[in-house]
Amino acid sequence: MSQKTPKALWGGRFSESTDAFVQAFTASVQFDNRMSSEDIQGSVAHATMLADQGILTAEECNQIVSGLKQISEEIDAGSFEWLIAREDVHMNIESRLIDLIGDTGKKLHTGRSRNDQVATDIRLWLRAAIDQVVSELAKLQTSLINLAEREAETIMPGFTHLQAAQPITFGHHMLAWNEMLERDYGRLLDCRKRMNQCPLGSAALAGTSFPIDRIRSAALLGFDRPTENSLDSVSDRDFGIEFVSAASIIMMHLSRCSEELINWNSTAWQFIDLPDKFCTGSSIMPQKKNPDVPELVRGKSGRVFGHLIGLLTLMKGQPLAYNKDNQEDKEPLYDTADNLLGCLHAFGEMMPELLVNKTKMREAAKSGFSTATDLADYLVRKGIPFRDAHEVVGKAVALGIERQRDLSEMTLTELQSFHSAIDTDVYDVLTVEGSVNARNHMGGTAPNQVMAAAQRARDRISRRRV
Ligand code: ARG
C-alpha cells in the first residue's frame with residue numbers, strides 16, 4: 001500500500017492537507033479494496049444508466065467503461081497502485097480513472113455519492129458470498145445424506161442428558177444434522193432476498209436532482225428492485241447483520257456437530273475414527289492424534305458470534321443517515337464469510353471420510369438398558385396401561401443392575417416374574433435392532449425411514465434455485 005499523497009478528490013473546501021496519521025486512521029482501502037470488482041461493476045452500471053438517460057453521452061460512457069475495464073485488468077494483474085491517501089476503494093478507482101481518461105472520468109460521480117456506492121458494493125459482495133456459502137452448504141449436506149444412507153442400519157446409542165437413552169441409527173443422527181443445515185439454507189435465502197435491492201440513486205442521503213432511472217441501475221446489477229427510501233438506503237446495514245446472524249446459527253450448528261465428533265473420536269468412546277489428514281499429533285505425546293479440525297471449527301464459532309455483537313453495537317447508536325462508523329462493517333463481514341466458508345468446506349471434506357466403529361457403537365447402544373422403553377411399549381400392546389408398564393420395567397431394570405445383565409440377557413422366567421403377560425416374542429423388542437426397526441414412521445430412526453428421509457433431503461437440495 002503506497003503512502004504517496006496526491007490531492008484528495010474532496011479537497012476543494014479544505015485549506016490544509018489531512019494529517020498523515022488521520023489520513024491512515026480514517027482510510028479503509030487496506031481492506032475495502034477487496035470489493036474492487038463490485039465497485040467497478042457498480043460504476044459500469046451507473047455510467048450505463050446515466051448514458052441511457054442522456055446525462056452522459058454515449059461516447060463519454062464508452063470511455064468510462066473502457067477505463068474501468070483497464071483498471072480491472074490492472075487490479076487482476078497486481079499492477080494497480082492502491083494509495084492510502086485516496087482513502088478507500090471508491091476514490092482509488094475513480095482517481096485512477098481520471099488519471100487514465102481525464103475530464104470525462106470526473107463525470108462518473110454525477111448523481112452518485114460514496115454513500116450509495118458503498119452500500120451497493122457491500123450488497124453485491126455479500127450476495128456473491130452468500131451464493132458461495134449456499135454452495136458449500138449443499139456440498140456438506142450432500143455428504144451427510146450420503147453418509148446417512150451408507151450407515152442407515154448402523155446402530156448407536158441415542159442420548160438425552162448425555163446418558164444412553166434409546167438405540168438409534170447413525171444415519172438418523174446424520175440426518176438430524178442435515179435438518180439443522182436445511183434451516184440454515186432457508187435463513188440464507190431469506191437474507192439474500194431482502195438484501196437484493198439496489199441503493200444506487202440514493203446518492204448522499206436525499207437522492208439526486210438528475211433524471212436517473214433507478215430501476216435500470218438495479219436491473220443492470222441483477223438486483224430485484226431499487227431500495228425504497230434514500231435515507232434508509234445509505235445507512236442500512238441490516239442485511240449484514242442478518243447475514244452474520246445466519247452465519248452465527250450455522251457456526252453454532254457446526255460447533256455442536258464438532259463437539260459430538262470430538263466425543264465420538266475420543267479414546268474413551270471410540271465410536272469413530274477421524275482420518276489422519278483431519279488430525280494432528282502432539283509435539284510431546286507420540287501416541288496422540290488430535291481432532292484439530294472439529295476443535296478449530298468449534299473455536300471459530302466464537303469469533304463469528306463476536307462479529308454479530310460487534311455489528312449490532314456498531315449500528316445501535318447511529319442517527320440517520322450515513323455515518324463514518326459504517327466503515328467498520330466490512331472487516332467483520334469479510335471475516336465471517338471467510339471463516340464460515342472454511343468451516344463448511346472442512347466439514348464437507350471430512351464427513352465422507354469418517355470411519356465408523358460399528359462394534360463399539362452397538363455395544364454402547366446395548367448398555368444402559370436402552371431398550372427399557374421398548375419393553376414398556378410391549379406391555380402396553382398387551383393391554384397394560386403405560387404408567388403400570390413403566391413401573392414393571394423399572395423393577396426389571398433394578399434387577400438387571402443388581403445382576404449386571406441387560407434386559408435382553410434375562411431368562412423368560414425372570415422377565416415373567418415382573419409380569420405374566422411377557423412371552424417369548426419379547427426378545428424381538430429387546431434387541432437394539434428390534435428397537436430401531438420398531439420406530440417405523442416418518443421422522444423415526446428405523447433404517448427404511450432413514451433411507452426415505454435421505455431421499456426427501458436430496459430432493460429438497462435438487463429443487464433449489466440459488
Ligand atoms: N469508506 C467509506 C465506508 O466504508 C465509504 C463511504 C464514505 N462516505 C463518506 N461520506 N465519508 O463507509
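In each ligand, atom 1 is the first atom listed, and ligand 1 is the first ligand listed.
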Distance flag, aromatic centroids of Trp264 and Phe159, threshold under 6.0 Å: no
Cationic tip of Arg464 above Tyr185 ring, under 6.0 Å, 45° of axis: yes
Side-chain heavy-atom pair Asp116, Tyr322 within 4.5 angstrom cut-off: no
Arg150 to Phe170, cation-pi by 6.0 Å centre distance and 45° axis angle: no
For ligand 1, which of its N or O atoms have a protein N or O partner closer than 3.5 Å, and how long is each gap?
from: ligand 1; atom 1: 1 (N); to: Ser28; atom 2: OG; distance (Å): 3.1
from: ligand 1; atom 1: 1 (N); to: Asp88; atom 2: OD2; distance (Å): 3.1
from: ligand 1; atom 1: 1 (N); to: Gln327; atom 2: OE1; distance (Å): 2.9
from: ligand 1; atom 1: 4 (O); to: Lys330; atom 2: NZ; distance (Å): 2.6
from: ligand 1; atom 1: 8 (N); to: Asn115; atom 2: OD1; distance (Å): 2.9
from: ligand 1; atom 1: 10 (N); to: Asn115; atom 2: OD1; distance (Å): 3.1
from: ligand 1; atom 1: 12 (O); to: Tyr322; atom 2: OH; distance (Å): 2.4

Nearest heavy-atom neighbours spanning Leu231 and Ala321: O-CB, 3.8 Å
Any residue meeting side chain to side chain donor-acceptor pair (under 3.5 Å) with Gln53, in chain and number order, not counting sequence neighbours: none
